[in-house]
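Working notes for the structure below.
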2 protein chains.
Amino acid sequence: MIEFFLDTISEIIELTEADKEVFINNCLIKKLKKRQFFLQEGDICKYAGFVSKGCLKTYTVDKNGDEHVFQIALEGWWVSDMYSHLTGEPANFTIEALEDCEIVVMDKEAREKILKEVPGYERFHRILLEKNYVATQRRVNSMLSSSAEERYLAFIEKYPQIVQRVPQLVIASYLGIAPESLSRIRKQLAK
Amino acid sequence: MIEFFLDTISEIIELTEADKEVFINNCLIKKLKKRQFFLQEGDICKYAGFVSKGCLKTYTVDKNGDEHVFQIALEGWWVSDMYSHLTGEPANFTIEALEDCEIVVMDKEAREKILKEVPGYERFHRILLEKNYVATQRRVNSMLSSSAEERYLAFIEKYPQIVQRVPQLVIASYLGIAPESLSRIRKQLAK
DNA sequence: TATTTTTCTTAACCTATATCAATAGTATTT
DNA sequence: AAATACTATTGATATAGGTTAAGAAAAATA
């Protein structure tokens, strides 16, 4: 499944066969069964991972034990707790498989090597970061300016594949509402 | 006031005198009076700016004409609509001076030159982006998991200088609540 | 297939925050 | 100093979305 990983990178930067070898020699494949953890809150996030198969949720747990979903990652998405990965501090996020997964992972050492040996990767990395940042800015904005119903409509527009595959209560949490509220919103919209 | 700009960058990466010249030769200083715009929604964000004096708000305007504040930027902060700046598409954000400001600005061409002539700047840029991204992740999280009162308390803890300088209605908008609600929360906390 | 677990829906009720309107207090501008 | 903007406060009322609880439906597991 490393093919899909290399193809995805190739969409942004050109990779030679030699470049591809660098990735293959430095990345690992992790397999997770549904409900297993890629990362647990409090652990140090050793790996950044590219989801090559399956689906995961990234979330925090508040003082009442309630989950708040930050990200839902399908194939082609990256998962990590960036803060923890960069600083070596304990992670705030938990990352858990919603389905059986295959994840291409690299630790910091592997990334250093890739950055050194595949010069274009620096650019890929920056572009990915910029895209994620802009997307997160927009999410803040939608939370500031839109109702729950508007956010749900925007979500199904933007991520129809997620709506098909992921339990509603996970989507409700991502939107910042109770699952009962999402159920009501859907009923209302069905008319 | 370019001193402050150079000093701030020097806190992250070392700059030689020659490096500093590169910045001085490629950046401009923009001055804005209170209520003037650094960027207006719909325009293309030509510049990224470093606030060397004053204070600005970055916000969107919704279909009812209501403002939603994404960022409050004091001295040392950067302002831009990153999406517009990177893609050349029209900006979603408006950036407006809350006080008379001095802003060190660079356009894309200037940045290209700086990146080429000051090799460490790439690293500075990446670190800044990473920090902003992590901060924005945390903001999403606080909106998902905390009440208005909790968010306000976290805000005054994190940004006491902003509380001193910026009208409450701007802070209320940043927190995603009505100014009346913030007023009531403050009254409640005063007890 | 039967059983257990998880997810979704519905209804009744509740609460945090919004909205509207009036007033008072502060800054700016003339 | 007066006049004109803004900004903050307060009270009355409204509402989106939360909470609790129960049952139905769907999915996973035995």
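Throughout, a chain's letter reflects where its sequence line sits, starting with A, and its residues are numbered from 1.
- A centroid separation of 6.0 Å or more is found between the aromatic rings of B:F93 and B:Y83.
- For B:R184, counting side-chain heavy atoms from C-beta on, the closest listed nucleotide (C:dT28, C:dT19, C:dA12) is C:dT19.
- Toward the 5' end of DNA chain C, the nearer of the two residues B:K34 and B:A178, judged by each one's closest nucleotide, is B:A178.
- Picking from C:dT17, C:dT19, C:dC8 the nucleotide with the shortest atom distance to the side chain of A:S183 gives C:dC8.
- For B:E180, the side-chain atoms get nearest to C:dT19 when compared with the rest of C:dC8, C:dT19, D:dT19.
- Between B:N64 atom CG and C:dC20 atom C1' the separation is 15 Å, expressed in whole Å.
- Heavy-atom distances to DNA chain C give each of B:R35 and B:A148 a nearest nucleotide, and the one nearer the 5′ end belongs to B:A148.
- The distance between atom CD of A:E149 and atom P of D:dG18, rounded to the nearest whole Å, is 14 Å.
- Atoms NZ (A:K191) and P (C:dT9) sit 14 Å apart, rounded to a whole Å.
- Taking side-chain N and O atoms only, A:S181 has a distance below 4.0 Å to OP1 or OP2 of D:dG18.
- Atom-to-atom, CG of B:D66 to P of C:dC20 comes out at 10 Å; the value is rounded to the nearest Å.
- If you look at B:Y121 and B:F124, their ring centroids are closer than 6.0 Å.
- Aromatic pair A:F4/A:F50: ring centres closer than 6.0 Å.
- Regarding contacts with the backbone of D:dG11, a side-chain N or O of B:K187 is found under 4.0 angstrom from either OP1 or OP2.
- Whole-Å rounding puts the A:I185 CD1 to D:dG18 P distance at 8 Å.
- Closest to the side chain of A:Q168, from the set C:dT9, C:dT17, D:dA8, is C:dT9.
- As a whole-Å value, the separation of B:E99 CD from C:dT28 P is 10 Å.
- Candidate nucleotides C:dT19, D:dC6, D:dG17 were compared by shortest atom distance to the side chain of A:S147, and D:dG17 ranks first.
- Checked against the 6.0 Å centroid criterion, the rings of A:Y174 and A:F155 qualify as a close aromatic pair.
- Nucleotide D:dG17 holds its P atom 11 Å from the CD atom of A:Q188, rounded to whole Å.
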Side chains of residues 22-38 of chain A: which donor-acceptor partners sit under 3.5 Å, not counting sequence neighbours?
from	atom 1	to	atom 2	distance (Å)
A:N25	ND2	A:E21	O	3.1
A:N26	ND2	A:V22	O	2.8
A:Q36	OE1	A:K33	N	2.6

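- We find that NZ of B:K57 is positioned 11 Å from P of D:dC6, with the value rounded to whole Å.
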